[in-house]
Amino acid sequence: MLYRYEFFEGTSRDTVRDIELKNDLAAIEEGYRTAYEMVKDGVKTGFDKSSWSIQIFYDRNTLVGTIANSHQKRNRKS
């Protein structure tokens with residue numbers, strides 16, 4: 001299955017298309033992993049990325065889930 005990830009980074013937006021994953025659960029898990037890495041990288045560089053978010057879509061415009069990076073800071077440990 002092909003997924004699209006929309007990254008909302010402050011006032012900008014970036015799109016990554018055609019990410020092939022097994023199913024919706026795998027797409028969401030990949031989204032959480034990516035959000036965690038983004039926040040972790042921001043902590044290392046002193047740039048707060050906790051206000052950023054990711055939306056995951058399947059089949060053009062079917063929203064699978066939204067991940068707020070702010071949850072990564074509290075819920076995971078390095």
Side-chain angles (χ1 to χ4, degrees):
M1 299 174 81
L2 294 177
Y3 292 87
R4 180 180 88 237
Y5 288 75
E6 298 282 342
F7 296 87
F8 296 89
E9 304 165 344
T11 58
S12 67
R13 178 174 153 178
D14 191 24
T15 302
V16 177
R17 299 179 191 281
D18 299 329
I19 304 298
E20 188 169 349
L21 296 162
K22 183 177 178 177
N23 55 34
D24 291 353
L25 180 58
I28 290 170
E29 287 175 349
E30 181 64 18
Y32 274 109
R33 187 196 64 73
T34 301
Y36 173 71
E37 290 299 321
M38 290 169 65
V39 170
K40 190 168 106 175
D41 289 345
V43 169
K44 287 180 183 177
T45 61
F47 186 75
D48 184 8
K49 298 179 181 183
S50 64
S51 65
W52 295 8
S53 65
I54 303 169
Q55 287 186 328
I56 305 164
F57 293 89
Y58 168 72
D59 191 30
R60 300 272 185 208
N61 291 314
T62 302
L63 180 65
V64 174
T66 300
I67 298 168
N69 285 8
S70 59
H71 294 163
Q72 302 310 305
K73 219 157 75 167
R74 290 193 309 261
N75 295 334
R76 301 230 183 174
K77 295 183 180 183
S78 298

Indicate yes or no for a side-chain donor-acceptor contact from Tyr3 to the backbone of Asp24 under 3.5 Å, with no hydrogens or angles considered.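 Looks like yes, one N/O pair under 3.5 Å.
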
Sequence neighbours left out, what passes side chain to side chain contact (heavy atoms under 4.5 Å, CB included) with Thr62? Give chain and number order. Asp59

Option passing side-chain contact (heavy atoms from CB on, under 4.5 Å) with Ile54 (candidates Thr34, Val16, Thr66): Thr34

Can you tell me how far [atom2] of [Y] sits from [atom1] of [X], rounded to the nearest 0.5 angstrom?
X	Y	atom1	atom2	result
Leu21	Leu2	CG	CG	9.0 Å
Arg60	Arg17	CZ	CZ	8.0 Å
Lys22	Met1	NZ	CE	12.0 Å

Cluster companions of Leu63 among Ile, Leu, Val, Met, Phe, Trp, Tyr (side-chain spacing under 4.5 Å): Phe57

Heavy-atom pair of closest approach, residues Ile67 and Gly31: CD1-C, 3.3 Å

Which heavy-atom pair separates Ser53 from Ala68 by the least distance, and what is that distance? CB-CA, 4.2 Å

Restricting to side-chain hydrogen bond (donor to acceptor under 3.5 Å, both in side chains), what partner residues turn up for Asn23, sequence neighbours left out?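 So Asn23 forms no side-chain hydrogen bond (donor to acceptor under 3.5 Å, both in side chains) with any residue.
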
Please name all residues satisfying side-chain hydrogen bond (donor to acceptor under 3.5 Å, both in side chains) with Glu30, sequence neighbours left out, ordered by chain then number.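 With neighbours one apart ignored, the set is Arg33.
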
Identify all side-chain donor-acceptor contacts of residues 5-15 below 3.5 Å with residues at least two apart in sequence or on another chain.
residue: Tyr5; atom: OH; partner: Ala27; partner atom: O; Å: 2.8
residue: Glu6; atom: OE1; partner: Arg13; partner atom: NE; Å: 2.8
residue: Glu6; atom: OE1; partner: Arg13; partner atom: NH2; Å: 3.3
residue: Glu6; atom: OE1; partner: Thr15; partner atom: OG1; Å: 2.8
residue: Glu6; atom: OE2; partner: Arg4; partner atom: NE; Å: 2.7
residue: Glu6; atom: OE2; partner: Thr15; partner atom: OG1; Å: 3.3
residue: Ser12; atom: OG; partner: Glu9; partner atom: O; Å: 3.1

Same apolar cluster: Leu25 and Ile19, side chain cutoff 4.5 Å: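 They do not share one cluster, since no chain of ILVMFWY contacts under 4.5 Å joins Leu25 to Ile19.
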
